[in-house]
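Here's the structure, in structure tokens; my notes come after.
Both ligands and their constituent atoms are indexed starting at 1 by order of listing.
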Amino acid sequence: MLKVRLRPSAEGRVRARHPWIFDQSIREQNREGERSEFAVVYDRNNEFLAIGLYDPDSHLRIRVLQHGKPASIDRQWWRTRLEDAVARRATLLDEHTNAFRWIHGENDGWPALVLDRYAHTLVLKLYSSAWLPRLAELSSLIVEVLQPRSLVLRLSRNIQEIARKEFDLMDGQTLTGPKVTEPVAFIESGLRFEADVVRGQKTGFFLDQRENRQRVEKLAAGRHVLNAFSFSGGFSVYAVRGGASSVTDLDISAHALENARRNFRLNPELRSCGHETVQADAFEWLAQNREREFDLIILDPPSLAKREQERAGALRAYRKLAENAIAHLRKGGILVACSCSAHVSAEEFFGTVRESAIASTRKFQELCTTGHPADHPATFPEAHYLKAIYLEF
Ligand code: SAH
């Protein structure tokens with residue numbers, strides 16, 4: 001058995017149920033650990049603290065599976081954990097929505113693992129190579145409990161090489177069921193979409209923004225809408241159903257905009273509204289095309305701080321984006337500014353957007369701020385990545 005003892009500062013964090021143990025937090029271990037084996041973590045008095053997955057490939061060396069009291073981690077244990085995650089989402093599935101997140105990583109007790117549902121297709125995304133030796137066991141459990149038509153594997157970039165060389169696994173491959181090669185159709189809030197689950201960003205769609213899309217729909221009536229960093233046009237399709245006068249999708253990726261046009265075509269009842277796609281760098285486009293005015297602008301950039309050192313730069317970028325967006329808003333216009341950077345706190349982000357609004361010297365009113373939806377719970381500080389603020393000018 002691999003036994004690990006921690007430095008005192010790390011003991012407290014693990015006792016407080018934090019799921020991450022970094023290499024420098026480990027004071028001693030009885031031997032070298034192997035990828036994916038269970039590490040049993042003790043405090044300096046030999047009291048049991050946790051059991052975790054050992055990951056020699058990462059500085060994040062142990063990902064805790066079980067806190068507080070010992071357990072034998074067998075198939076039944078995994079099964080109960082999966083069923084708990086499913087039970088937490090029991091009310092999400094209705095006839096209007098068949099795409100959401102079944103497992104949201106450590107927040108559901110499955111560190112570095114995401115399981116998304118798109119109708120009858122499930123997409124398993126792994127962010128740690130520690131899961132690779134357990135993949136067969138894992139996928140058979142998922143199939144047993146959730147019975148998907150197909151199960152697709154996605155791999156974060158940092159583990160793709162190990163997966164290919166040592167496990168013969170490829171990003172985007174179908175693990176079970178009919179091979180998935182085309183975008184998968186699903187419905188969200190009664191609207192039709194497609195997700196490119198094989199090649200698309202994340203698992204093919206940004207399921208985490210569902211509730212913000214619903215809010216945007218309610219605000220959109222009669223407005224000319226700019227959806228900046230639109231990806232496949234999710235916010236726009238909702239805005240059109242909400243009665244928007246026109247929508248403009250702005251994204252740097254031609255592939256994302258092609259998907260946005262497809263998502264519009266999938267909802268033919270929405271055709272009456274003008275839909276424009278603009279392929280450009282949103283930072284530059286917003287800084288330049290000042291003659292273009294809108295009544296509702298959504299800013300949903302990718303994470304601008306992937307590391308702690310990038311935090312200050314990210315805040316400057318958010319400020320610039322918000323300032324430039326506000327300059328395109330007509331009187332009465334609404335700004336919806338989102339951030340998905342875990343390294344930028346909600347208060348820092350909201351403060352920055354409010355400062356941009358104040359700097360515009362225009363009158364404005366804060367409508368609301370929002371956080372995580374129910375299928376993307378956040379149970380420890382670093383997990384709080386998603387935030388949005390709504391301002392009306
Ligand atoms: N709002 C989307 C998700 C946005 S993801 C939704 O609800 O589905 C971020 C998007 O920003 C991606 O589509 C990516 O292609 C795009 N992007 C990244 N950098 C960009 C840039 N500099 N200018 C415009 N778009 C960019």
Side-chain angles (χ1 to χ4, degrees), residues 97 99-101 116 118 123 157 183-184 186-189 191-197 199-217 219-220 225-242 244 247-264 266-267 275-289 292 296-306 310 313-314 316-318 320-322 324-325 328 335-342 344 370 372-373 375-376 385-390:
T97 298
F100 51 83
R101 180 153 292 189
D116 283 345
Y118 296 98
V123 185
R157 201 159 296 151
V184 175
F186 65 93
I187 53 170
E188 187 188 80
S189 313
L191 292 163
R192 282 179 289 280
F193 293 98
E194 279 178 355
D196 183 352
V197 300
R199 284 163 298 266
Q201 296 180 46
K202 306 279 173 184
T203 64
F205 199 72
F206 288 83
L207 295 170
D208 53 0
Q209 288 287 28
R210 176 180 55 246
E211 292 178 1
N212 281 321
R213 289 192 275 270
Q214 291 167 344
R215 283 188 197 90
V216 161
E217 174 176 0
L219 294 170
V225 178
L226 172 64
N227 183 7
F229 307 92
S230 63
F231 188 55
S232 58
F235 278 105
S236 305
V237 173
Y238 277 73
V240 175
R241 188 171 66 180
V247 289
T248 300
D249 279 329
L250 170 60
D251 202 284
I252 202 160
S253 155
H255 184 64
L257 294 171
E258 175 51 36
N259 290 345
R261 287 188 287 270
R262 282 171 75 125
N263 283 332
F264 264 79
L266 287 173
N267 295 277
H275 179 217
E276 175 193 22
T277 54
V278 177
Q279 188 191 353
D281 180 317
F283 294 91
E284 287 173 12
W285 194 91
L286 285 167
Q288 287 161 3
N289 299 273
R292 297 291 309 269
L296 173 58
I297 298 180
I298 300 127
L299 294 178
D300 186 21
S303 174
L304 299 179
K306 297 235 163 66
E310 293 169 351
R316 281 195 297 276
Y318 284 128
K320 196 89 215 128
L321 264 183
N324 284 336
H328 289 270
L335 174 69
V336 180
C338 311
S339 163
C340 60
S341 304
V344 173
T370 67
H372 282 235
D375 57 336
H376 290 66
Y385 70 95
L386 191 66
K387 44 251 169 205
I389 181 166
Y390 293 60

Using only atom types and a distance under 3.5 Å, with no angle test, would you say the side chain of [X] pairs donor to acceptor with the backbone of [Y]?
| X | Y | answer |
| --- | --- | --- |
| Thr97 | Ser189 | yes |
| His275 | Arg261 | no |
| Asp196 | Pro183 | no |

Parallel, tilted or perpendicular, as decided by the 30° and 60° cut-offs, for the rings of Phe229 and Phe283:
perpendicular
Using a 4.0 Å heavy-atom threshold (strictly under), name the region of Trp285 that reaches ligand 1: side chain, backbone, both or neither.
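For Trp285, no heavy atom sits under 4.0 Å from ligand 1.
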Side chain, backbone, both or neither: which part of Ser230 has a heavy atom under 4.0 Å from ligand 1?
backbone
If you define the side chain from C-beta out and look only at heavy atoms, does anything of Lys320 sit under 4.5 Å from Leu286?
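Result no, sub-4.5 Å side-chain heavy-atom pair not found.
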Would you mind reporting whether Leu207 and Glu188 have side-chain heavy atoms less than 4.5 Å apart?
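Yes; the side chains approach each other to less than 4.5 Å.
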Ignoring angles and geometry beyond distance, decide whether [X] reaches within less than 3.5 Å of ligand 1 through its nitrogen or oxygen atoms.
| X | value |
| --- | --- |
| Gln209 | no |
| Leu250 | no |
| Ala282 | yes |
| Ser253 | no |

Could you list the atoms of ligand 1 found under 4.0 angstrom from a heavy atom of [X]?
| X | value |
| --- | --- |
| Phe231 | 2 (C), 3 (C), 4 (C), 8 (O), 13 (O) |
| Phe235 | 1 (N), 7 (O) |
| Phe283 | 22 (N) |
| Asp300 | 1 (N), 2 (C), 3 (C), 4 (C), 7 (O), 9 (C) |
| Gln201 | 12 (C), 13 (O), 14 (C), 15 (O) |

Which atom pair, heavy atoms only, marks the closest approach of Ser341 to Ser339?
N-OG, 3.2 Å
What residue among Asp208, Asp116, Asp375 forms salt bridge (Lys or Arg N to Asp or Glu O under 4.0 Å) with Arg101?
Asp116
Given Pro302, Ala254, Gly200, Ala195, which has its nearest heavy atom closest to atom 18 (C) of ligand 1?
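The nearest heavy atom belongs to Pro302.
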My understanding is that we take every heavy atom of each candidate and find the minimum distance to atom 5 (S) of ligand 1. Doing that for Phe206, Phe193, Phe205, Tyr238, which one comes out nearest?
Phe206
Answer with yes or no whether Arg213 contacts ligand 1, where contact means a heavy atom under 4.0 Å from a ligand atom.
yes
Answer yes or no for Ala280: is there a heavy-atom contact with ligand 1 below 4.0 Å?
yes
Which protein non-hydrogen atom lies closest to [atom], naming both residue and atom, and how far is it?
| atom | answer |
| --- | --- |
| atom 15 (O) of ligand 1 | Asp251 OD1, 2.7 Å |
| atom 4 (C) of ligand 1 | Phe229 O, 3.2 Å |
| atom 25 (N) of ligand 1 | Ile252 N, 3.1 Å |

Would you say CZ of Arg316 has more than 12 non-hydrogen atoms from neighbouring residues, nucleotides or ligands within 6.0 angstrom?
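Result for CZ/Arg316: open.
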Quick one, Asn259 with Phe193, criterion side-chain contact (heavy atoms from CB on, under 4.5 Å). Give me CA distance, side-chain angles, the key distance, then yes/no.
CA-CA 9 Å; Asn259 290 345; Phe193 293 98; over 6 Å; no
Determine whether His376 and Phe100 satisfy the following criterion, ring pair (Phe, Tyr, Trp, His ring centres under 6.0 Å), listing intermediate values before the conclusion.
CA-CA 9 Å; His376 290 66; Phe100 51 83; 9.7 Å; no
